[in-house]
Amino acid sequence: MKMKMEMNEEYLNRGMDLKRLMLYLQKKIWLVIMLAVLGACCGGIVYQMLRSMKMPVEYRAVSKLYISFGHDESGEVYQYYNGYTWNDLLDADPILDLVMMRLPGYEREQVQEATTAEILSDIRLLTITVKGENEKFVREIKTAVESGLREFASNSRELEQIEVIRSGVPERIYWDDRTVAACVTGAVILGLAALLAVCFHYVFDESVYVQEDVEKKYGVKALGLLTRNQKGLQPYARELRANIRYLLGEKKAFAIIDLANHGDTRRLELERALSNEETDVFGGGQGEDDFGWNIGKKESANQKKSEYEVAAFNENILSEEECRKIREIGGVILLLPFGIDTGRKTARILSLLRNQDCKVLGMVIAQADEEFLNRYYA
């Protein structure tokens, strides 16, 4: 019991097997990719909804006016108007009064807030920008400002005239389209969340994938791997046969408990694996997807009875009678399914076998994925 507790503590405190983790992630990467794509779609949809529903309605009209300056007493041209001067002039009474005369029903503050005057480069080129929430409002103020400036220039000593060279129509202002950025953000957020969820699941996953998992977690012998395509050309079948034969010695009988509840199928697989000395354990080397599905059609091809007698029990039918049979046979081998979390069931069965004085000879990982194993042990 003490050794068992120490082994479990060592298992819980085990380091990260990076190669095992990478192979595990390879089988789950499709989920991460799918969720990243879903995140991109959601990000784009949410952004478009916010853009259409939350973006304020605002219109803007831009006019370009050309200023012809007058001359002073010495014949010099008045050129001291700049961007700040024109902004101040638009808010001052001389020009604003002329503008308000053309805007009955409007407040002076509305016009002041909506209008901006700028000298961008050439002091003779004045840019007037009018913004507002209503297209009619923007159009009327723009027209009134243009007319007011022309009248102001005609009555000013410093200016000869102001000519409108371009009068823009009110256009709605939209936010910059950042759909691509929203999609990328959504993909990154949901992709990272999926990756973290997969890693979190890996940390708490009690499934067994390789023999080292069995030895560290349960502290019993890991006798080998029963792969989905059992072929003698693979090392796994030879190693499994050698370990069980050495463990049994002269005995030819043992019991198995299959935690996936396919005991009869696993029994036939083990009997053939232990009895056959040929290079290709199950004949043909055709690479069937699952040897268990092909046992029936191979029985007629090989009538030779196995020298090993395997008593198969499923985890869900164990009772006092089954435990008595296991004691009579002399020991039992537990078959754990590859990549399926049966940790709690296995702990329960081990407790039952220990209480019933049933000897556990070891464990075998059944239905192991050969591609995973080949990459892991490469």
[X] [atom1] to [Y] [atom2] distance, which is reported to the nearest 0.5 Å:
X: L259; Y: T342; atom1: CG; atom2: OG1; result: 4.5 Å
X: R272; Y: R267; atom1: CZ; atom2: CZ; result: 10.5 Å
X: L223; Y: E239; atom1: CG; atom2: CD; result: 12.0 Å
X: I256; Y: R266; atom1: CD1; atom2: CZ; result: 8.5 Å
X: L240; Y: Q211; atom1: CG; atom2: CD; result: 9.0 Å
X: F338; Y: L226; atom1: CZ; atom2: CG; result: 12.5 Å

So, do [X] and [Y] sit near enough that their side-chain heavy atoms are less than 4.5 Å apart?
X: T227; Y: I365; answer: no
X: M100; Y: R108; answer: yes
X: K359; Y: V332; answer: no
X: L125; Y: I165; answer: yes

Please list all pairs passing the salt bridge (charged side-chain N to carboxylate O under 4.0 Å, His left out) test where one or both residues lie in residues 323-334, with sequence neighbours left out.
E321-R324, R324-E328

Identify the heavy atoms of [X] and [Y] that sit nearest to each other, and give their distance.
X: I329; Y: A311; result: CD1-CB, 3.5 Å
X: A61; Y: G168; result: CB-O, 3.8 Å
X: G263; Y: D258; result: N-OD2, 3.6 Å
X: V99; Y: G148; result: CG2-CA, 4.4 Å

Distance only, no hydrogens: is a donor on one side chain within 3.5 Å (strictly under) of an acceptor on the other, for E140 and T143?
no

Side-chain donor-acceptor pair under 3.5 Å between S167 and E146, yes or no?
yes

Decide side chain to side chain donor-acceptor pair (under 3.5 Å) for Y236 and N374; before the verdict, give the C-alpha distance in whole Å, the side-chain angles of both, and the deciding distance to 0.1 Å.
CA-CA 10 Å; Y236 313 118; N374 292 336; 2.9 Å; yes

Supply the members, apart from V46, of the Ile/Leu/Val/Met/Phe/Trp/Tyr cluster built from side-chain contacts under 4.5 Å; use none for a lone residue.
L50

Taking [atom1] in [X] as the centre, count heavy atoms belonging to other residues, nucleotides or ligands within less than 6.0 Å. Is the count above 12?
X: K64; atom1: NZ; value: yes
X: R172; atom1: CZ; value: yes
X: K252; atom1: NZ; value: yes
X: K28; atom1: NZ; value: no

When you check the gap from the basic side-chain N to the acidic O, do R102 and E151 get nearer than 4.0 Å?
yes

Please step through salt bridge (Lys or Arg N to Asp or Glu O under 4.0 Å) for the pair E315 and R348, ending with a clear verdict.
CA-CA 10 Å; E315 164 269 332; R348 191 189 81 237; 2.5 Å; yes

Assess whether ring-ring contact (aromatic ring centres under 6.0 Å, His included) is satisfied between F137 and Y59, documenting all intermediate values.
CA-CA 9 Å; F137 171 83; Y59 289 87; over 10 Å; no

Take the angle between the ring planes of F254 and Y308 and call it parallel below 30°, perpendicular above 60°, tilted in between.
perpendicular

Please tell me whether I340 and V210 are part of a single hydrophobic cluster in this structure, the criterion being side-chain heavy atoms less than 4.5 Å apart.
no

With sequence neighbours excluded, residues passing salt bridge (charged side-chain N to carboxylate O under 4.0 Å, His left out) with E371
R375

Derivation and outcome, side chain to side chain donor-acceptor pair (under 3.5 Å), residues T179 and Q48
CA-CA 7 Å; T179 305; Q48 289 296 333; 2.5 Å; yes

